Participant: 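Please read through the structure below; I'll follow up with questions.
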Amino acid sequence: MNKKTELFLIIGFGQIGASIKDRLLNYKKLNDNFDICIYDTHKFDNYYNNNLLDEKFTIVNKLESTIDFTKYQNINIIVCIDTNKHQTFFESKNKSISSTLLGLFFTEKHLQNENTQVNIIIESTVPAGTAEQFQHKIIKQNCLKNYFIFSSPERYQEVYRVTELYCSTEASEEYNLNPATQIGTHNHSSTKIIGVCDPEGIFEETLTPYGRIETYIKAWGNSGIKFRFTNNSNEAELTKLLENHLRYMQLSTANLFELYLKDTDLRIDKNLIRELIGTKEQTKIVPGLIGGGCIPVDSNFLYAKDLMQTQDNFPKELMNESIEICHKINNRMFRDTFVNLINLIKVNLAKAKRTNQEFEFYMLGLGYKKNSPTIKNSKGSELIEDVLKEFENTNFNLDKLFLIDNCVDDYNRSYKYAPNYIEKQLKNLLPFEEFLKEIDQNNQNNQNPTKVKLIIINNDNDFIYNDKKYKYSTFLDEYNIPYYNIGDLK
């Protein structure tokens, strides 16, 4: 048995941590000279230990005295924690990742050895200057000698899913559990940006330390991802923030147009206008609720604080204003969607009472974006919370609320840490296949509707049923079942 000389310690086991773990495991088939260990900051270890026993990695729920670092000459620490205004790299309600790492460096003397290479790769989205600030702390406390810090914020265009690296070209029921099984493509941008922390500017383009993380680069490259290198970690960090804010501005503009078209006095078909605008390249308008771990969270890292009167503050003030106007537009979009949904529910409840039928309310696609397996930061789940509160003290009965989603591979984790209002509705989480079969069976038996059903599509997820590819909308269309898209509520 060959002795492993390299360790990958992944800190944070959410979607990004799972993505990196899978890429490393895939690369292990070509190079089995490294070990993988995961520090599970979200305490998801019980789920993975019960469900992924055949995986070749270990999970620990604390760093000190749980890993034998002395076995390794090259130690790669990959930071994949969520960052937001409540939890940054340096600040947290509990222990910050900065404090956790510095404590590890002091505790594990092997990491301080001159011959031990320590590479810190920050995959989390962080404010520009984070890598340099962390390097200053390491230098000040003199807790590492042979180390480098790299910034490489993740650039997923859609959510990562566990089977993304193991795609099949044949239709199967497994697709219902994981749409990526059939997609055959990666949701990550084709190019990954990585910058080395070099505040002194000592590295020339031909003299860089990227050879220290060769395995990491090859693991990504093995899955078809290309790299763009920069000798300035600030550039890598700021690129991620600006590209996400650009996307946030585009989505917000689409919602602004939607709000504007709803209030115009002109005789128009706003859906047709959207379609006509979309005939010009890169101007497609898709209104909707905006949530997630990156958009709009990353925009807040661009806020300019402590503006000095002696400087030209105009660009910084404009950036602040652009962030505020996006927030304002989307808060209004959420409010209007909520009001329209409440009115729609009341209309359907009244219809059910008038016709002496049962009323059922379905929300399809609970994640924060299409095909997402997690409801964290989901505006759809936030909308459900507000609906439940609205009807809590009324005579309207919303016991027949069904939450439906086919991307269930992360539910054991997502719902475990979901807000209380979703926990209360877990009994109403209708199995996706049961929902499909009920519709199919009613159609085959030519049964007349005996219930008033209000179906709202929050995310139009992909799936396969009876060897045929569908979205929620195309499936309902095929069976002539009425529904509403969340962005089209009137």
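No hydrogens, no waters, no symmetry mates; every other heavy atom, side chains included, goes into these values. Owing to the predicted nature of the structure, the values given are computational and were not obtained by experimental measurement.
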Participant: Donor-acceptor pair, Asn330 side chain versus Cys326 backbone, under 3.5 Å?
Facilitator: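 Yes, Asn330 side chain to Cys326 backbone: donor-acceptor pair under 3.5 Å.
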Participant: Please check: side-chain N/O of Asp68 versus main-chain N/O of Thr70, any donor-acceptor pairing under 3.5 Å?
Facilitator: yes
Participant: Side chains of Thr83 and Glu91: does their closest heavy-atom pair fall under 4.5 Å?
Facilitator: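 Thr83 vs Glu91: side chains apart.
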Participant: Could you go through Thr5 and Gln73, starting from their C-alpha distance and side-chain angles, then the distance that decides it, and tell me whether this counts as side-chain hydrogen bond (donor to acceptor under 3.5 Å, both in side chains)?
Facilitator: CA-CA 6 Å; Thr5 60; Gln73 298 173 351; 5.2 Å; no
Participant: Would you check if the side chain of His245 reaches a backbone N or O of Ser299 as a donor-acceptor pair within less than 3.5 Å?
Facilitator: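 Side chain of His245 to backbone of Ser299, a donor-acceptor pair under 3.5 Å: no, none is there.
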Participant: Is any side-chain heavy atom of Asn300 closer than 4.5 Å to one of Ile323?
Facilitator: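 Ile323 reaches Asn300 side chain to side chain.
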Participant: Lys218: which residues meet the side-chain contact (heavy atoms from CB on, under 4.5 Å) condition with it, sequence neighbours left out?
Facilitator: Tyr27, Glu214
Participant: Within the side chain of Asn113, is there an N or O that forms a donor-acceptor pair under 3.5 Å with the backbone of Asn115?
Facilitator: yes
Participant: Among all residues two or more places apart in sequence or in another chain, which pass the side-chain contact (heavy atoms from CB on, under 4.5 Å) test with Ser473?
Facilitator: Ile457, Asp460, Lys471, Tyr483
Participant: Once ring-ring contact (aromatic ring centres under 6.0 Å, His included) is applied, do any residues pair with Phe90, and if so which ones, sequence neighbours excluded?
Facilitator: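 ring-ring contact (aromatic ring centres under 6.0 Å, His included) check on Phe90 returns nothing, list empty.
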Participant: Is a side-chain donor or acceptor of Ser252 paired with a backbone partner of Met249 at a separation under 3.5 angstrom?
Facilitator: no
Participant: At what distance, to the nearest 0.5 angstrom, does CD1 of Ile78 lie from CD1 of Ile10?
Facilitator: 5.0 Å
Participant: Is there side-chain contact between Lys379 and Tyr368, with at least one heavy-atom pair below 4.5 Å?
Facilitator: no
Participant: For a quick test of reading the model, state the closest non-hydrogen atom pair linking Tyr472 to Gly365 and the distance between them.
Facilitator: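 Of all heavy-atom pairs spanning Tyr472 and Gly365, the closest is CE1-N, 3.6 Å.
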Participant: At what distance, to the nearest 0.5 angstrom, does OH of Tyr147 lie from CD of Gln117?
Facilitator: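 Rounded to the nearest 0.5 Å, the OH-CD separation comes to 14.0 Å.
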Participant: Tell me, please, which residues at least two apart from Asp35 pass salt bridge (Lys or Arg N to Asp or Glu O under 4.0 Å).
Facilitator: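 If we apply the salt bridge (Lys or Arg N to Asp or Glu O under 4.0 Å) test to Asp35, skipping adjacent residues, the hits are Lys4.
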Participant: Please determine whether side chain to side chain contact (heavy atoms under 4.5 Å, CB included) holds for the pair Leu25 and Lys28, giving the CA-CA distance in whole Å, both sets of side-chain angles, and the decisive distance to 0.1 Å.
Facilitator: CA-CA 5 Å; Leu25 283 175; Lys28 255 184 173 290; 4.2 Å; yes
Participant: Could I get the full list of ring-ring contact (aromatic ring centres under 6.0 Å, His included) partners for His327, not counting sequence neighbours?
Facilitator: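 By the ring-ring contact (aromatic ring centres under 6.0 Å, His included) rule, His327 matches Tyr248.
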Participant: Counting distance only, does the side-chain N/O of Tyr39 pair as donor-acceptor with the main-chain N or O of Phe13 below 3.5 Å?
Facilitator: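 Side chain of Tyr39 to backbone of Phe13, a donor-acceptor pair under 3.5 Å: no, none is there.
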Participant: Under the 3.5 angstrom rule, does the side chain of Ser233 hit a backbone N or O of Ser151 as a donor-acceptor pair?
Facilitator: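 No.
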Participant: Could you check if a side-chain atom of Asn146 sits within less than 4.5 angstrom of a side-chain atom of Thr116, using non-hydrogen atoms only?
Facilitator: no
Participant: Heavy atoms, side chains only, cut-off 4.5 Å: are Leu7 and Asn74 in contact?
Facilitator: no
Participant: Run the ring-ring contact (aromatic ring centres under 6.0 Å, His included) test against Phe34 and tell me which residues pass, sequence neighbours left out.
Facilitator: Phe8
Participant: Looking only at heavy atoms, which two atoms of Arg23 and Ile225 are closest? And how far apart?
Facilitator: NH1-CG1, 4.1 Å
Participant: Go through the structure and list residues passing side-chain contact (heavy atoms from CB on, under 4.5 Å) with Glu324, not counting sequence neighbours.
Facilitator: Tyr303
Participant: What's the separation between atom CD1 in Ile384 and atom CD1 in Ile456, rounded to the nearest 0.5 Å?
Facilitator: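 The CD1 atom of Ile456 is 9.0 Å from CD1 of Ile384, to the nearest 0.5 Å.
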Participant: Output every pair passing salt bridge (charged side-chain N to carboxylate O under 4.0 Å, His left out) with a member in residues 109-129, not counting sequence neighbours, ordered by first then second residue.
Facilitator: Glu123-Lys192
Participant: Cut-off 3.5 Å, side chains only: do Lys29 and Asn26 have a donor facing an acceptor?
Facilitator: yes
Participant: I would like to know whether Asp386 and Phe334 meet side chain to side chain contact (heavy atoms under 4.5 Å, CB included); could you show each step before the answer?
Facilitator: CA-CA 11 Å; Asp386 289 352; Phe334 183 88; 3.3 Å; yes
Participant: Show your reasoning for whether side chain to side chain contact (heavy atoms under 4.5 Å, CB included) applies to Leu111 and Leu144.
Facilitator: CA-CA 7 Å; Leu111 300 180; Leu144 287 179; 4.0 Å; yes
Participant: What residues form a ring-ring contact (aromatic ring centres under 6.0 Å, His included) with Phe475, not counting sequence neighbours?
Facilitator: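 Once residues adjacent in sequence are excluded, the partners of Phe475 under the ring-ring contact (aromatic ring centres under 6.0 Å, His included) criterion are Phe463, Tyr465, Tyr470, Tyr479.
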Participant: Any donor-acceptor pair under 3.5 Å linking the side chain of Gln112 with the backbone of Phe106?
Facilitator: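 Looks like yes, one N/O pair under 3.5 Å.
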Participant: If you compare all heavy atoms of Cys197 against all heavy atoms of Pro199, which two are closest, and at what distance to 0.1 Å?
Facilitator: C-CD, 3.6 Å
Participant: Heavy atoms only: give me the nearest Ile213-Ile194 pair and the separation to one decimal.
Facilitator: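 In terms of heavy atoms, the two residues are closest at CD1-CD1, 3.5 Å.
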Participant: Measure the acute angle between the ring planes of Phe229 and Phe227, then classify it against the limits of 30° and 60° as parallel, tilted or perpendicular.
Facilitator: parallel
Participant: Contact between Leu318 and Asn320 at the side-chain level, heavy atoms closer than 4.5 Å - yes or no?
Facilitator: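 Side-chain contact under 4.5 Å: no.
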Participant: Using atom types as modelled and distance alone, determine if a side-chain donor or acceptor of Asn485 lies under 3.5 Å from a backbone N or O of Asn458.
Facilitator: no
Participant: Show your working on side chain to side chain contact (heavy atoms under 4.5 Å, CB included) between Trp220 and Ile20 and close with a plain yes or no.
Facilitator: CA-CA 8 Å; Trp220 277 91; Ile20 294 170; 4.0 Å; yes
Participant: Extract all donor-acceptor atom pairs below 3.5 Å that involve side chains of residues 124-140 and protein atoms in other chains or at least two apart in sequence.
Facilitator:
{"residue": "Ser124", "atom": "OG", "partner": "Val79", "partner atom": "O", "Å": "3.4"}
{"residue": "Ser124", "atom": "OG", "partner": "Ile81", "partner atom": "N", "Å": "3.0"}
{"residue": "Ser124", "atom": "OG", "partner": "Ile81", "partner atom": "O", "Å": "2.7"}
{"residue": "Thr125", "atom": "OG1", "partner": "Lys240", "partner atom": "NZ", "Å": "2.6"}
{"residue": "Thr130", "atom": "OG1", "partner": "Pro127", "partner atom": "O", "Å": "2.7"}
{"residue": "Glu132", "atom": "OE2", "partner": "Asn234", "partner atom": "ND2", "Å": "3.2"}

Participant: So do Ile36 and Leu9 actually touch side chain to side chain, heavy atoms under 4.5 Å?
Facilitator: no
Participant: Do Glu6 and Asn33 have side-chain N/O donor and acceptor atoms under 3.5 Å apart?
Facilitator: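 Their side chains do not contain a donor-acceptor pair, so the 3.5 Å distance test is not met.
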Participant: Identify, with sequence neighbours excluded, every residue that meets side-chain contact (heavy atoms from CB on, under 4.5 Å) alongside Arg247.
Facilitator: Gln250, Leu251, Ile295
Participant: Donor-acceptor pair, distance only, cut-off 3.5 Å: does the side chain of Asn119 make one with the backbone of Ile77?
Facilitator: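 Not confirmed, Asn119 side chain does not pair with Ile77 backbone.
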Participant: Going by side-chain hydrogen bond (donor to acceptor under 3.5 Å, both in side chains), name the residues that satisfy it together with Thr107, two or more places apart in sequence or in a different chain.
Facilitator: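 Not a single residue meets the side-chain hydrogen bond (donor to acceptor under 3.5 Å, both in side chains) criterion with Thr107.
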Participant: Are any of the side-chain heavy atoms of Ile75 and Phe69 separated by less than 4.5 Å?
Facilitator: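 Ile75 reaches Phe69 side chain to side chain.
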